[in-house]
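I'd like to ask you about the structure that follows.
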Amino acid sequence: MEKKQLRSLIAGKLSRHYGVEPRNATKNQMYHTCALVVRDLMMEKWNKTQKEIEKKHAKQVCYLSLEFLIGKSLKNNIYNLGLLDEFQCVLKGMGCDLQDLVDIEEDAALGNGGLGRLAACYMDALAAQNLPATGFSILYEYGLFKQRIIEGQQTELPDSWLDTGRSWLIPRTDEAVEVHFGGELVEHWESGHLAIEHQNYTSVTAVPHDMLISGYQSDTVNTLRLWQAKATRTLDFKLFGEGDYLRAIEEQAMAETISKILYPEDKHVEGKSLRLKQQYFFVSASIQNIINHHMRTYGRLDNLPKRVVIQINDTHPTLVIPEMMRIMMDVHGLTWEDAWDITTHTVAYTNHTIMPEALERWSEDLVKSIMPRVYQIIVEINRRFCEDLWNFYPNDWDTISKMAIIAYNEVRMANLAIAGSFSVNGVSALHSQILKDDSFKDFYHVTPAKFNNVTNGIAYRRWMGQANEGLTALVTDKIGPDFLKDPKELKNFAAFAEDEDTLTRFDKIKRDNKERLARYIKEHNGITVDPDSMFDVQAKRLHEYKRQTLNILHILRMYYELKDNPNLDVTPRTFIFGAKAAPGYYTAKQIIRLIHSVADMINNDPQVNDKLKVVFLEDYKVSIAEILMPAANLSEQISTAGREASGTGNMKFMLNGALTIGTMDGANIEICESVGEENMFIFGLRKDEVLDLQRNGYNAMYYYQQNAWLSRILNSIQNGIGRADGPQVSYQDIVHSLIIGNDYGTADPYLVLADFEDYCRVQRIAGEQFKDAKTWNQKAIINVAGAHIFAADRSVQDYNERIWHLTTLWKDKK
Ligand code: 26V
């Protein structure tokens, strides 16, 4: 596109939409205008994409997820359209800086962490590779809470992202559907067969809002369809007439609550009825939409699995299985057998965690009261499933009751997801193996062919191409630009690990990125950090299994070592944290507070604060990650082995040239295979050693008593931490949970103390190695090159070859 043309598009839109001239436009008006112009450009490609899907009878993936952690859209879409220079230049001519507009946009934080960001990365990769896809989710009015730190403690504020996010949404009122809650079932005979009538239900209208999803240099534009809940009737006068006044009001209130807010717990499930309503609302609307569309196109349902695959992101959308059965049987008159055959050839399930507290189970009573017909269908699925199991495991009641979909008055969503789908996959090699050997072992024996692995991947064009322009330019200079379309090309960058020019430029780029982050920290935290120090970063949700505590214990050790011996030759370090805790997760919030107390003590101690700094970045989110990842030297991936299903932050850090310090967990193992153990810092117990230690009675107290550092550090945490002239805060609960155990369990369930010595050992090695900048940079370059396997493009190709078998819409024009 010509700049002239773009200028007239922007000026025209400004004038028609706001009636202002470019020179008089506010930044806000400019932002919305640019978003609308970009949307128009994408809409042309979207139309073309939809036509092609129809013409080709293409098979597409419907990615169902309660979370899509999109982040910002303006720059991403301009980048994908290949119009960055044009926009920058034209806006400059209008007296406006593109970066200012980028800064105005709020992140679309419709997700908690890894699982939601993964969904967003996959949408990007699908469009880039011309694979037809529709994402389905909820249009949350409030995304993930904003985090404010007040006196070292997290508080939560609402996130009204729609002020700026609205620009990307296209309401499709015409395609609204109704979702029915509650009520009773009445059975009657209708021309020879039993018909079920659902009466006295509460109706909620689901209104789709579409976000267009562009792909890098691609003509494919896919759809992310977000459902908004609206009252079906605004105060129903018929109901008033019948005196059912309360129900009319109730209907309206309930409807509007459903899409109000994203649940901020990301591992711990609570049996909240609103959460179940959200799941059913979104699943029912999506599958009605999918089936209606299919019926309009083909007039039959038996070929649905040929045209659509429904991928469910964790168990949260599992109700799609019984809901699909319901619609096919009750609305379209299919038999149970036909409906089951279609369902189980359409749905595929991805598991994202084996943590028992995250496995979804819903009380039967709740399921029955919210969706009586769906409940009935689940009961029948369970009956037939257990009958089949009886043939496979004759007389083995134990195994069958473990595998049952309903037991102890609960519906177990993972069991339903496995029974009702044709594929079950984990998200890293290790995690998928654990599913087969352990979590789902009995299911694996029945249907081994169902089980797959697809290792996670990231939108590397966002996480390097856009977030790290310097590095992208260097890589492009050395190996050409093709790697931006084909990530395998990035491998070739490894050949430059010895090249002097590459090393010098790489060093400078990292330094620039660190300076940028240092400025951000100065502005937001008021802390001065030294860009020459090692930036040692742990950024992820706060969870005990991710072991931010282990990191803190090591920081305290370094601190006391320096206090004992102020002349100690240590590599200066800036420890950087970013983490949100679920609002109700007490221990996680205590750990955030502890990090702040440690930071307060160290940053204000003149004896050490030219060598050590501790920074906590408030409100960690996608757009902060985009500044943070490119500036990191050391990436902390230190979960207890066997607990982190994959991790994706680990991939973003290495892609930007950080070396990983990590356990043999999740995708860290595959990082290690890709770059070699000599190019990272592996430590700690392996998965089997963790299990052995726990089986044979792990004694955390013993480590505390035997290890002088652990005694000293834990005692100090117990006695109080803070700056010399300020309040000392005691963290008794944290210390207790590490060495004594709290009300909920045994001491140190994540083996922090057991891994402490080995962690400190490799930390020391990392510190030493950082002194040799050249060798460090060589390793960093090997990491950048080795990250090619973690491109979401590769993950999506794996899904496509192993599970989806989609139609490619067209080949890219060269
Ligand atoms: C999510 C939620 C959402 C709110 C309500 C309760 C609830 C309960 C469980 C979960 C499951 C979260 C699972 C998850 O986020 N897993 C992460 O998935 C990433 C992408 O595959 C992976 O990289 C991380 O290792 C894994 O922890």
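In listed order, ligands and their atoms are each counted from 1. Computed from heavy atoms alone, side chains included, the values below leave out hydrogens, waters and symmetry copies. For this chain, numbers begin at 1 and follow the sequence in order.
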- Do Gln279 and Glu360 meet the criterion of a side-chain donor-acceptor pair at a distance under 3.5 Å? yes
- Message: Below 4.0 Å from ligand 1: does a non-hydrogen atom of His316 turn up there or not?
- Response: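 Yes, His316 has a heavy atom closer than 4.0 Å to ligand 1.
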- Task: Could you tell me whether some N/O pair between His352 and ligand 1 is separated by less than 3.5 angstrom?
- Result: yes
- Donor-acceptor under 3.5 Å (Asn551 side chain, Arg547 main chain):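 It does not hold such a pair.
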- Sub-4.0 Å atoms of ligand 1 with respect to non-hydrogen atoms of Tyr545: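 That gives atoms 27 (O) of ligand 1.
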- Task: Kindly assign one of parallel, tilted or perpendicular to the pair Tyr545 and His543, based on the angle between their ring planes and the thresholds 30° and 60°.
- Result: tilted
- To the nearest 0.5 Å, what is the distance between CD1 (Ile682) and CD1 (Ile661)? 9.5 Å
- What part of Val427, side chain from CB on, backbone N/CA/C/O, both or neither, has a heavy atom under 4.0 Å from ligand 1?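 Under 4.0 Å from ligand 1, Val427 contributes side-chain atoms alone.
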- With a 4.5 Å heavy-atom cut-off, do Phe790 and Thr455 have their side chains touching? yes
- Query: Nearest protein heavy-atom contact for atom 14 (C) of ligand 1: which residue, which atom, what distance?
  - Reply: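 Nearest neighbour among protein heavy atoms for atom 14 (C) of ligand 1, to 0.1 Å: Lys267 CE, 3.3 Å.
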- Proximal ligand 1 atoms for Ala645, defined as those under 4.0 Å from one of its heavy atoms: 25 (O)
- Can you list the ligand 1 atoms lying under 4.0 Å from a non-hydrogen atom of Asp266? 1 (C), 9 (C), 10 (C), 11 (C), 12 (C)
- Message: Starting from atom 25 (O) of ligand 1, what is the nearest protein heavy atom, named by residue and atom, and what distance separates them?
- Response: Glu644 OE1, 2.7 Å
- Task: Pick one of side chain, backbone, both or neither for how Arg275 approaches ligand 1, counting any non-hydrogen atom pair under 4.0 Å.
- Result: side chain
- Query: Mind checking whether Phe440 and Tyr349 have parallel, tilted or perpendicular rings, split at 30° and 60°?
  - Reply: tilted
- Message: Does only the side chain of Glu67 get under 4.0 Å from ligand 1, or the backbone, or both, or neither? Count heavy atoms.
- Response: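 For Glu67, only side-chain atoms sit under 4.0 Å from ligand 1.
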- Pi-cation contact, Tyr444 with Lys450 (under 6.0 Å, within 45°):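 The answer is no; the distance or angle limit is not met.
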- Message: Under 4.0 Å from a heavy atom of Glu265: which atoms of ligand 1 are those, numbered in the order shown and with their elements?
- Response: 2 (C), 3 (C), 4 (C), 5 (C), 6 (C), 7 (C)
- Protein residue, atom and distance nearest to atom 15 (O) of ligand 1, heavy-atom basis: Leu115 CB, 3.5 Å
- How close does the nearest protein non-hydrogen atom get to atom 8 (C) of ligand 1, and which residue and atom is it?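 Here the closest protein heavy atom is Val269 CG1, 3.3 Å.
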- With heavy atoms of Ser646 as the reference, note each atom of ligand 1 found under 4.0 Å away. 23 (O), 25 (O)
- Message: Can you tell me how the ring of Tyr63 sits relative to the ring of Trp804, calling it parallel under 30°, perpendicular over 60° and tilted otherwise?
- Response: perpendicular
- Message: Could you check whether any heavy atom of Gly647 sits closer than 4.0 Å to an atom of ligand 1, since that is the contact criterion I want to use?
- Response: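 Checking ligand 1 against Gly647, which is what was asked, there is a heavy-atom contact under 4.0 Å.
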- Query: Are the side chain of Asp536 and the backbone of Phe575 linked by a donor-acceptor contact shorter than 3.5 Å?
  - Reply: no
- Under 3.5 Å donor-acceptor, Asn783 side chain and Leu659 backbone: no
- Using a 4.0 Å heavy-atom threshold (strictly under), name the region of Asn456 that reaches ligand 1: side chain, backbone, both or neither. side chain
